[in-house]
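Below is one structure, written out as structure tokens; comments come after it.
Throughout, protein chains are lettered first and strands after them, A, B, ... in sequence-line order, and every chain is numbered starting at 1. Please read these numbers as outputs of a predicted model, since none were measured by experiment.
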Amino acid sequence: MGRILDENLIYEVLSVVDEIPEGKVATYGQIARLIGREKNARLVGRVLSMAEFYGRYPCHRVVNHAGRLAPGWKEQRELLEAEDIPMKNTMYVNLKMCLWDE
DNA sequence: TCGGTGACCACTG
DNA sequence: GCAGTGGCCACCG
């Protein structure tokens with residue numbers, strides 16, 4: 001069958017993203033670890049890029065390991081600021097202040 | 001079948 | 001902090 005991505009992977013990633021509390025952010029690697037695919041953070045990003053097709057999830061609360069926002073997604077910064085997430089500048093969040101500890 | 005690319009990360013120096 | 005290297009998986013030409 002025309003498998004675009006592993007359905008199970010999509011489900012696991014999105015259910016973890018759904019657990020990120022408001023005012024916190026998570027990293028791709030962190031999510032990868034939580035679903036048992038520690039070395040596969042890249043696929044997490046891939047899933048999130050298509051997350052809108054699978055429902056409404058707070059994928060704006062996911063940034064890379066340096067705190068940088070997703071390239072080519074303008075909306076993300078405004079969504080984060082709406083939750084009072086501290087920013088270092090327009091492209092980076094302050095991970096020290098708002099990293100989801102789990 | 002291969003090489004390049006990508007919302008990435010860990011390790012080493 | 002930065003640069004280099006290697007690893008992972010899916011997609012495209």
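- Cluster note: A:Met97 groups with no other residue, as no ILVMFWY side-chain heavy atom lies under 4.5 Å from it.
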For residues 59-72 of chain A, dump all side-chain donor-acceptor pairs below 3.5 Å to protein atoms at least two apart in sequence or in another chain.
unit_1: A:His60; atom_1: NE2; unit_2: A:Glu83; atom_2: OE2; d: 3.1
unit_1: A:Arg61; atom_1: NE; unit_2: A:Glu83; atom_2: OE1; d: 2.9
unit_1: A:Arg61; atom_1: NE; unit_2: A:Glu83; atom_2: OE2; d: 3.2
unit_1: A:Arg61; atom_1: NH1; unit_2: A:Ile20; atom_2: O; d: 2.8
unit_1: A:Arg61; atom_1: NH2; unit_2: A:Glu83; atom_2: OE2; d: 2.8
unit_1: A:Asn64; atom_1: OD1; unit_2: A:Ala66; atom_2: N; d: 2.9
unit_1: A:Asn64; atom_1: OD1; unit_2: A:Gly67; atom_2: N; d: 3.1
unit_1: A:Asn64; atom_1: OD1; unit_2: A:Arg68; atom_2: N; d: 2.9

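- Counting to the nearest Å, the C1' atom of C:dC8 and the CD1 atom of A:Ile35 are 12 Å from each other.
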Its contact letters, B for base, S for sugar-phosphate only and - for none at protein heavy atoms under 4.0 Å, make nucleotides 7-13 of chain B read BBSS---

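- Within the structure, side chain to side chain donor-acceptor pair (under 3.5 Å) pairs that include any residue of residues 9-22 of chain A comprise A:Asn8-A:Glu12 (at least two apart or interchain).
- Partners of A:Arg42 according to the side-chain contact (heavy atoms from CB on, under 4.5 Å) rule, which considers only residues two or more places apart in sequence or in another chain, do not exist here.
- Scored by the side chain to side chain donor-acceptor pair (under 3.5 Å) test, A:Arg77 finds A:Glu81 as partners (sequence neighbours excluded).
- A gap of 23 Å separates the P atoms of B:dA7 and C:dT5, to the nearest Å.
- Looking at A:Glu38, its side chain never comes within 3.5 Å of a backbone N or O of A:Gly29 through a donor-acceptor pair.
- Other residues sharing the hydrophobic cluster of A:Leu79, ordered by chain and number and joined by side-chain separations under 4.5 Å: A:Trp73.
- Here A:Tyr92 is tied into one hydrophobic group with A:Met91, each link being a pair of ILVMFWY side chains closer than 4.5 Å.
- For DNA chain B, no neighbouring residue in residues 82-94 of chain A is found when judged by any heavy atom under 4.0 Å.
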